Asker: 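Handing you this structure, nothing more for now.
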Amino acid sequence: MAPTKAPDSSRRSDRSRRAILDAALALVTEVGYRRTTIEGIAARAGVGKQTIYRWWPSKAAVLMDAFLDLAGRSAEGVAAESESAGEPGEGERAPGIPDTGDLVADLKLVLRATVDELNDPVLEAPTRALTAEGIVDAKLGAEFVHKLLDPQLALYVTRLRAAQEAGDVRADVDPRIALELLIGPLMHRWLLRTLPLTHAYADEIVDYAVGGLAPRP
């Protein structure tokens, strides 16, 4: 008689984690952050509350990991699209903002991708929920900045410093402040819904910002 193969606990854990993360995102999209509960996530994922508490200490921690996972998958999708469009493949280009030597074109490419992400129905609701909750929950807000925003902002700093070295940006410009000229208007329009968030608007932000950062004659 052939021996019975033991269940693969790691695969089972991966499936449970995925179900929990997907359930958390679905609930925060449907009912909002405040009405999303551990009990609701557990029921939606088909697991017990104990399973969730084994890996996460709170609802906020679950949703943070779910959002980071979603953002990571979205970034992988953008990278895959870039490769299929004929851009250098994985292993041939370092992660970050492209550096083609054309600062305006590189920034427009990235800001357009950001517009697409912010307008994506799958990403929009959880992004708004966590952003809003982070304003009133200082701990959650700090974690959101540390885990998600800071690594992304660092990419802008790196690209702007390269532009300084190339002579495309004034040497006296602080890249950390300069990047806010790009990101700030985009987030303001998206958060407050003042006007539509479009590629054309992203392009104008880049043109205005880079015009102000360029070396003076």
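These figures come from a predicted structure and were not determined experimentally.
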Asker: Out of Val210, Asp207, Leu103, which residue meets the side chain to side chain contact (heavy atoms under 4.5 Å, CB included) rule with Lys108?
Answerer: Asp207
Asker: Starting at CG of Asp106, measure out to OG1 of Thr100 and round the result to the nearest 0.5 Å.
Answerer: 3.5 Å
Asker: Taking C-beta and beyond as the side chain, do Thr127 and Glu117 meet within less than 4.5 Å on heavy atoms?
Answerer: no
Asker: Output a table of donor-acceptor pairs, distance under 3.5 Å, between side-chain atoms of residues 38-48 and any protein atom two or more places apart or on a different chain; print 'none' if there are none.
Answerer:
| unit_1 | atom_1 | unit_2 | atom_2 | d |
| --- | --- | --- | --- | --- |
| Arg44 | NH1 | Glu30 | OE1 | 3.1 |
| Arg44 | NH2 | Glu30 | OE2 | 2.7 |

Asker: Would you give the length of the straight line joining atom CZ of Arg54 to atom CD of Gln50, rounded to the nearest 0.5 angstrom?
Answerer: 8.0 Å
Asker: Regarding Asp14 and Arg18, does a basic nitrogen lie under 4.0 Å from an acidic carboxylate oxygen?
Answerer: no
Asker: List for me each residue that meets side chain to side chain donor-acceptor pair (under 3.5 Å) alongside Asp99, sequence neighbours excluded, and say none if there are none.
Answerer: Arg159
Asker: Can I get a per-line list of side-chain donor-acceptor pairs under 3.5 Å for residues 56-65, giving both atom names and the distance, sequence neighbours left out?
Answerer:
| unit_1 | atom_1 | unit_2 | atom_2 | d |
| --- | --- | --- | --- | --- |
| Trp56 | NE1 | Asp65 | OD2 | 2.7 |
| Ser58 | OG | Ala61 | N | 3.2 |
| Lys59 | NZ | Tyr33 | O | 3.0 |
| Lys59 | NZ | Thr36 | O | 3.1 |

Asker: Shared ILVMFWY cluster between Tyr208 and Ile205, side chains joined below 4.5 angstrom?
Answerer: no
Asker: Considering only residues two or more places apart or on different chains, which pairs with a residue in residues 162-171 satisfy side-chain hydrogen bond (donor to acceptor under 3.5 Å, both in side chains)?
Answerer: Arg170-Asp172
Asker: With side-chain contact (heavy atoms from CB on, under 4.5 Å) as the test, would you mind laying out the steps for Leu107 and Tyr156 before giving the verdict?
Answerer: CA-CA 9 Å; Leu107 291 176; Tyr156 283 89; 4.3 Å; yes
Asker: Within the structure provided, determine whether Leu111 and Tyr201 are in side-chain contact (heavy-atom separation under 4.5 Å).
Answerer: no
Asker: Of all heavy-atom pairs between Leu197 and Val115, which one has the smallest distance, and what is that distance?
Answerer: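 Scanning both residues completely, I find the closest heavy atoms to be O-CG1, 3.6 Å.
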Asker: Show every donor-acceptor pair shorter than 3.5 Å between a side-chain atom in residues 175-190 and any protein atom, with sequence neighbours excluded, or say none if there are none.
Answerer:
| unit_1 | atom_1 | unit_2 | atom_2 | d |
| --- | --- | --- | --- | --- |
| Arg176 | NH1 | Glu180 | OE2 | 2.9 |
| Arg189 | NH1 | Pro196 | O | 2.9 |
| Trp190 | NE1 | Leu118 | O | 3.1 |

Asker: When rounded to the nearest 0.5 angstrom, what distance separates CD1 in Ile20 from CZ in Arg17?
Answerer: 8.0 Å
Asker: How long is the straight-line distance from OG1 of Thr37 back to CG of Leu27, given to the nearest 0.5 Å?
Answerer: 7.5 Å
Asker: Output side-chain donor-acceptor pairs under 3.5 Å for residues 136-155, partner residues at least two apart or in another chain, one line each.
Answerer:
| unit_1 | atom_1 | unit_2 | atom_2 | d |
| --- | --- | --- | --- | --- |
| Asp137 | OD1 | Lys139 | N | 3.2 |
| Asp137 | OD1 | Leu140 | N | 3.1 |
| Glu143 | OE2 | Lys147 | NZ | 2.7 |

Asker: Which heavy atom in Ala129 sits nearest to a heavy atom in Val28, and how many Å separate them?
Answerer: CB-CG2, 3.6 Å
Asker: Let me confirm one number: the CG-CG distance from Leu160 to Leu213, rounded to the nearest 0.5 Å.
Answerer: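 Atom-to-atom, Leu160:CG and Leu213:CG are 7.0 Å apart.
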Asker: Please find the pair of heavy atoms, one from His199 and one from Arg112, that lie closest to each other, and give the distance.
Answerer: NE2-O, 3.5 Å
